[in-house]
Amino acid sequence: MITTTKNMEEKRVECVHAILPVKDALDVLSGRWKLPILIALSFGNKRFKEISKDVQGITDKVLSKELKELEANQLITRTVYDTFPPTVEYAATEHGHSLFNVIAALREWGMKHRGKIIGK
């Protein structure tokens with residue numbers, strides 16, 4: 001009986017340790033727009049309006065907020081060029097690029113799920 005209780009406690013601890021990093025990742029990538037923004041930047045550096053056009057349906061206010069959060073989490077960089085008017089360009093960081101395999105896996109799963117559920 002003691003072995004079973006000890007084994008159950010080890011599994012519970014393992015479960016908690018499995019959940020924590022996934023929860024952290026979801027906290028960083030939460031919301032409707034962060035992954036689409038990262039996908040847009042996976043095709044190269046872009047200016048604000050280019051991202052806005054690629055990520056259809058996002059408002060400028062929300063895009064600005066999401067870009068700030070992605071920058072705070074070191075997933076993107078914001079570079080301001082000394083031009084008139086100033087040019088601002090966004091790019092995925094190396095840390096941001098580390099998500100691209102995860103995004104590709106999500107895309108693949110989403111395509112399979114879509115086919116299973118709605119047949120398209």
Side-chain angles (χ1 to χ4, degrees):
M1 196 74 148
I2 295 172
T3 309
T4 306
T5 304
K6 183 179 178 184
N7 210 5
M8 288 175 58
E9 180 60 22
E10 287 174 357
K11 285 186 177 189
R12 190 192 70 72
V13 170
E14 186 179 344
C15 177
V16 169
H17 282 100
I19 291 171
L20 186 60
V22 173
K23 186 177 177 297
D24 291 344
L26 290 174
D27 286 345
V28 170
L29 301 172
S30 68
R32 180 178 179 186
W33 302 111
K34 287 187 182 78
L35 286 174
I37 292 167
L38 286 168
I39 292 167
L41 291 174
S42 75
F43 290 92
N45 301 355
K46 297 188 182 214
R47 295 173 66 178
F48 186 92
K49 283 297 178 189
E50 293 172 312
I51 300 168
S52 181
K53 286 177 186 172
D54 288 348
V55 182
Q56 297 176 1
I58 193 169
T59 65
D60 287 353
K61 180 180 177 181
V62 171
L63 177 56
S64 179
K65 177 182 134 329
E66 298 289 282
L67 288 168
K68 286 176 185 172
E69 289 178 14
L70 288 167
E71 187 178 13
N73 282 294
Q74 301 178 12
L75 297 174
I76 66 168
T77 58
R78 178 180 185 271
T79 305
V80 180
Y81 295 98
D82 190 21
T83 59
F84 185 80
T87 302
V88 178
E89 188 175 76
Y90 296 89
T93 62
E94 187 175 329
H95 188 48
H97 281 280
S98 71
L99 281 168
F100 293 167
N101 288 337
V102 174
I103 291 169
L106 280 171
R107 179 177 179 262
E108 183 68 28
W109 184 88
M111 289 169 38
K112 287 178 184 175
H113 178 69
R114 174 178 281 273
K116 183 174 183 75
I117 299 302
I118 61 175
K120 292 182 181 181

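What you see is a predicted model; the values in this text were computed from it and never measured. Residue numbers run from 1 in the order of the sequence given.
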Between Glu89 and Thr77, is the side-chain contact (heavy atoms from CB on, under 4.5 Å) condition met? List the steps.
CA-CA 8 Å; Glu89 188 175 76; Thr77 58; over 6 Å; no

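Contact check for Val62 versus Arg32: no side-chain heavy atoms found under the 4.5 Å cut-off. Leu75 is listed as a side-chain neighbour of Val28, based on a closest heavy-atom distance under 4.5 Å. For the pair Leu99/Leu29, a side-chain contact is recorded, criterion being any heavy-atom separation below 4.5 Å from C-beta on.
With sequence neighbours excluded, the residues forming a side-chain contact (heavy atoms from CB on, under 4.5 Å) with Ile51 are Ile37, Leu41, Lys46, Val55, Leu63, Leu67, Tyr90, listed by chain and number. The side-chain hydrogen bond (donor to acceptor under 3.5 Å, both in side chains) test applied to Glu10 returns no partner, not counting sequence neighbours.
For the pair Ser30 (side chain) and Asp27 (backbone), a donor-acceptor distance under 3.5 Å is present. In this structure, Thr93 contributes its side chain and Gln74 its backbone to a donor-acceptor pair below 3.5 Å. Side-chain atoms of His113 never come within 3.5 Å of backbone atoms of Trp109 as a donor-acceptor pair (strictly under, hydrogens ignored).
For CD of Glu9, the number of neighbouring non-hydrogen atoms (other residues, nucleotides, ligands) closer than 6.0 Å is greater than 12.
From Lys61, atom NZ reaches atom CD of Glu66 across 12.5 Å, with rounding to the nearest 0.5 Å. If you take CD on Glu71 and NZ on Lys68, they are separated by 9.5 Å, rounding to the nearest 0.5 Å. The structure places CG of Leu106 at 12.5 Å from CE of Met111, a figure rounded to the nearest 0.5 Å. Distance check, rounded to the nearest 0.5 Å: NZ of Lys53 to CZ of Arg47 gives 10.0 Å. In this structure, the separation between CG on Asp54 and CD1 on Ile39 is 11.0 Å, given to the nearest 0.5 Å. Put simply, CD on Glu108 and CD1 on Ile103 are 14.5 Å apart, with the number rounded to the nearest 0.5 Å.
Closest non-hydrogen pair, Gly57 versus Trp33, comes out as C-CH2, 3.6 Å. Taking every heavy atom of both residues into account, Glu50 and Asn45 meet most closely at OE1-O, 4.4 Å.
A continuous path of Ile, Leu, Val, Met, Phe, Trp and Tyr side chains, each step under 4.5 Å between heavy atoms, connects Phe43 with Phe100, placing both in one hydrophobic cluster.
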